[in-house]
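Residue numbers start from 1 in every chain, and the chains themselves are labelled A, B, ... in the order their sequence lines are given, proteins ahead of strands. Reckoned from all heavy atoms, side chains included, excluding hydrogens, waters and symmetry mates.
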Number of protein chains: 2
Amino acid sequence: MATIKDVAEAAGVSTATVSAVVNDSAYVSPELRSRVLAAVRELRYAPSLVARNLRSGRSQLIALVVADLANPFYARIVTAAEAAVAAWGYSLVLFNSDEKPDIEKRIFSRIRTLGCDGSVIVPVGAESHYQRRDFEGGAPVVLLGRSIGDAGVDTVTIDNLSAGKQATNYLLDLGHRDIGSITGPSQLTTGSGRLQGMLDAMAARGLAPKTGHVRSGEFREDTAYSVARDLLGQPDRPTALYVANGVMAIGVMRAVADLGLRCPEDVSIASTDTVAGAGGLKPRLTRTEHPVKDMTNEALRMLVDRIEGKVAEPSRNVVFQPALVVGESCSPLKSSHIPA
Amino acid sequence: MATIKDVAEAAGVSTATVSAVVNDSAYVSPELRSRVLAAVRELRYAPSLVARNLRSGRSQLIALVVADLANPFYARIVTAAEAAVAAWGYSLVLFNSDEKPDIEKRIFSRIRTLGCDGSVIVPVGAESHYQRRDFEGGAPVVLLGRSIGDAGVDTVTIDNLSAGKQATNYLLDLGHRDIGSITGPSQLTTGSGRLQGMLDAMAARGLAPKTGHVRSGEFREDTAYSVARDLLGQPDRPTALYVANGVMAIGVMRAVADLGLRCPEDVSIASTDTVAGAGGLKPRLTRTEHPVKDMTNEALRMLVDRIEGKVAEPSRNVVFQPALVVGESCSPLKSSHIPA
DNA sequence: CTCTCTTAGCTAATCGATTAGCTGACTTTT
DNA sequence: AAAAGTCAGCTAATCGATTAGCTAAGAGAG
């Protein structure tokens with residue numbers, strides 16, 4: 001690789017002049033300018049980002065740390081982030097913390113040594129992990145997707161409460177009163193928040209799920225399957241179910257089919273899904289979806305603002321609203337279901 | 001960020017000593033060593049990769065360029081690559097060429113200026129794009145997934161011929177003789193290769209598909225749906241179909257259902273799929289799968305070998321074999337199908 | 001006691017680019 | 001004609017780490 005010195009020598013000028021021509025940062029006479037450009041072409045010179053970075057303290061790199069690359073939700077974040085990062089003129093360095101806080105810690109130090117200009121992180125650790133000191137002296141950070149306690153950093157999250165509310169209200173509007181739920185783990189905000197939203201929606205109409213009609217499916221397909229099978233096999237099964245995520249919805253649909261029930265005729269299913277589609281299920285699911293692309297774009301916009309020093313505020317928290325997407329998995333409550 | 005100078009000052013030693021301690025590259029007395037380590041911890045010093053880079057000419061970065069991030073196949077490559085790259089002590093810089101040769105070209109120059117130590121590329125351009133001169137003077141490259149003409153670089157590909165053969169042989173072994181195929185675009189090796197394998201397998205038993213029983217589904221679900229619907233709606237429909245990829249298989253299954261046919265009772269379906277599962281279709285598909293993880297690991301092993309100068313050969317081409325995964329979408333030919 | 005050998009740790013050059021600040025030629029002003 | 005001003009282009013410092021080569025102190029030999 002040719003260096004700026006080679007070019008300077010070939011053109012019979014100083015490196016400063018070459019730099020001025022290449023960056024168009026100072027006036028250079030047409031005579032010298034053309035000699036420099038000729039030498040650049042001749043030697044196929046491309047300025048080394050590494051050297052430029054050392055001087056400027058910038059790396060043009062933005063790190064993205066996701067919790068589980070194999071999960072389609074994060075895969076979509078990666079897709080959106082790559083496009084956004086490229087559009088802002090940076091390159092994307094990708095890390096997978098695999099839901100392990102200790103791996104995440106090692107990644108953080110790696111990001112520091114790489115000199116990344118900033119990072120978008122889907123946090124996996126407990127709140128304590130993200131106290132400001134962890135980022136102190138380092139590059140700006142935006143936390144994406146999962147809400148953790150206020151760590152004094154920018155965050156972009158989803159309104160899980162609203163997701164549960166929207167899906168449940170849809171079922172309520174169809175006339176359902178006996179609604180059950182397959183929930184996620186209560187220690188995750190994605191689990192507890194959505195359930196709380198569902199309960200809030202019902203409470204707003206003076207209702208509450210029957211005892212035993214709210215079960216944890218652990219965000220897992222197999223668990224959701226067995227829990228749903230048990231719940232729907234009972235004589236007083238709910239007429240509708242709110243399922244707190246997409247993989248569980250697949251398990252629930254399987255349970256419905258295996259019990260000889262039909263969806264939506266016998267039971268209405270509404271869910272919250274992080275990504276579109278839930279694997280092309282047969283009756284397309286009525287669900288709330290996360291605006292993954294918008295969220296990711298916003299996270300990167302916030303990050304780039306910080307990197308380029310355009311923001312003064314200490315920390316901003318943007319909350320996105322999920323969107324209700326109506327499929328064919330819900331039907332109005334049939335009169336036969338209405339108790340006498 | 002603390003620099004090596006700050007640490008040297010704090011510990012009362014020279015920068016050379018700090019470097020020696022940090023890199024364990026020379027003997028340092030326990031006394032000084034501990035003072036240095038204390039200062040490192042105190043100042044949260046992490047050596048700047050940028051500076052180290054400039055000196056060593058290495059960047060510890062490996063670029064991965066995929067053709068379409070939104071495609072689950074490439075998403076799996078990304079997942080496997082991130083893990084492999086991390087295991088080798090590098091970091092992954094991710095690019096999406098979006099199937100566009102001109103974007104790919106820009107990415108190549110970006111990779112050069114970033115000073116990446118090497119790249120794994122899923123090529124999208126025509127052969128001419130990858131002639132050796134494009135990489136000349138640059139870092140080592142391994143082409144992954146798609147085979148292009150011999151460009152003098154290392155490649156890791158899949159045996160598409162074998163994929164078509166294996167799936168078709170399975171159908172033949174079940175007694176099927178009238179087998180049709182929904183193929184991909186013939187200009188792609190993944191399209192033409194798999195079809196050729198299917199034809200070869202039949203020819204090996206003195207058979208050939210009937211006229212009109214081989215149709216192009218363009219690797220698209222909707223096209224595959226309408227083509228399959230047309231093909232299977234005819235009175236002399238084939239008893240079995242070989243579908244050349246996973247998304248098309250979803251379309252075909254939908255067509256089967258919409259025609260009131262049952263799989264595998266009325267028609268057997270075997271496919272080739274790049275990733276596992278094909279979205280959890282109802283009768284699980286019998287298919288050939290790509291060993292994505294193994295392929296990606298091998299590509300990175302080859303790349304790291306080159307980067308670290310362990311290989312002499314001009315170029316190596318590794319071809320992986322697809323694996324047949326038996327599901328429930330194929331059944332033996334029923335006697336009613338056998339012509340009198 | 002002097003000379004040589006060893007070696008811990010330091011000084012300073014280096015990687016490639018940017019840029020503050022200087023030089024000297026030329027122009028303008030009085 | 002001398003002083004002042006302008007500015008194209010150069011010199012050299014700088015970013016942070018590594019490392020060749022040097023220094024000086026201690027050990028061992030004679």
Side-chain angles (χ1 to χ4, degrees), chain A residues 1-37 39-40 43-61 109-117 137-139, chain B residues 1-40 43-61 109-110 112-117 137-139:
Chain A
M1 279 288 286
T3 74
I4 198 172
K5 261 188 193 165
D6 302 327
V7 176
E9 204 164 325
V13 300
S14 73
T15 61
T17 304
V18 176
S19 178
V21 170
V22 169
N23 300 302
D24 210 18
S25 58
Y27 180 84
V28 175
S29 68
E31 155 73 12
L32 289 196
R33 166 174 237 91
S34 67
R35 260 169 42 208
V36 168
L37 289 176
V40 163
L43 300 170
R44 308 177 120 242
Y45 167 73
S48 149
L49 246 209
V50 179
R52 189 177 272 176
N53 283 341
L54 176 59
R55 186 103 220 303
S56 66
R58 292 262 172 111
S59 65
Q60 316 244 55
L61 295 176
S109 90
R110 180 85 189 166
I111 290 175
R112 288 188 84 192
T113 61
L114 275 174
C116 292
D117 292 339
Chain B
M1 278 286 286
T3 72
I4 198 171
K5 261 188 193 165
D6 302 329
V7 176
E9 205 165 325
V13 299
S14 73
T15 60
T17 303
V18 176
S19 178
V21 170
V22 169
N23 300 302
D24 210 19
S25 55
Y27 180 83
V28 175
S29 67
E31 155 73 9
L32 289 197
R33 165 173 237 89
S34 68
R35 267 182 18 223
V36 168
L37 290 176
V40 163
L43 300 170
R44 313 184 108 241
Y45 166 73
S48 150
L49 244 212
V50 180
R52 187 177 274 177
N53 248 346
L54 177 59
R55 187 111 220 300
S56 65
R58 292 260 171 116
S59 64
Q60 315 245 57
L61 295 176
S109 88
R110 180 87 190 166
R112 285 189 88 191
T113 58
L114 275 174
C116 293
D117 292 340

OP1 or OP2 of dG16(C) sitting under 4.0 Å from any side-chain N/O of Tyr45(A)? no
Quick check on dG16(D): is either OP1 or OP2 less than 4.0 Å from any side-chain nitrogen or oxygen of Ser48(B)? no
Please figure out whether Val28(A) or Thr15(A) has its closest DNA chain D nucleotide nearer the 5' end. Val28(A)
Measure the distance from CG on Leu54(B) to P on dT19(D) and round it to the nearest whole Å. 13 Å
Is the phosphate of dT18(C), meaning OP1 or OP2, less than 4.0 Å from a side-chain N or O of Ser19(A)? yes
Between P of dC10(C) and CD1 of Ile4(B), the distance in whole Å: 12 Å
Would you call Leu61(B) and Leu114(A) a side-chain contact if the rule is heavy atoms closer than 4.5 Å? yes
OP1 or OP2 of dA17(C) sitting under 4.0 Å from any side-chain N/O of Asn53(A)? no
OP1 or OP2 of dA8(D) under 4.0 Å from side-chain N/O of Thr17(A): no
Take the protein atom CZ of Arg52(A) and the nucleotide atom C1' of dG16(C), then report the distance between them rounded to whole Å. 11 Å
Any side-chain N or O of Ser56(A) below 4.0 angstrom from OP1/OP2 of dA17(C)? no
Nearest-angstrom distance from the residue atom CG of Leu49(B) to P of dT18(D): 10 Å
For Arg55(A), which contact category applies under a 4.0 Å heavy-atom criterion: base, sugar-phosphate, or nothing? base
Rounded distance in Å - CD (Glu9(A)) to P (dA17(C)): 14 Å
Is the phosphate of dG16(D) approached by Thr3(B) (side-chain N or O, under 4.0 Å from OP1 or OP2)? no
Give the rounded distance in Å between these two atoms: CG of Leu32(A) and C1' of dC7(D). 14 Å
Sugar-phosphate, base or nothing in reach of Val13(A), heavy atoms under 4.0 Å: sugar-phosphate
Asp24(B) and Arg33(B): CA distance, side-chain angles, deciding distance, side chain to side chain contact (heavy atoms under 4.5 Å, CB included) verdict: CA-CA 10 Å; Asp24(B) 210 19; Arg33(B) 165 173 237 89; 3.0 Å; yes
Given dA8(D), dC10(D), dC15(D), the nucleotide with the shortest approach to the side chain of Tyr27(A): dA8(D)
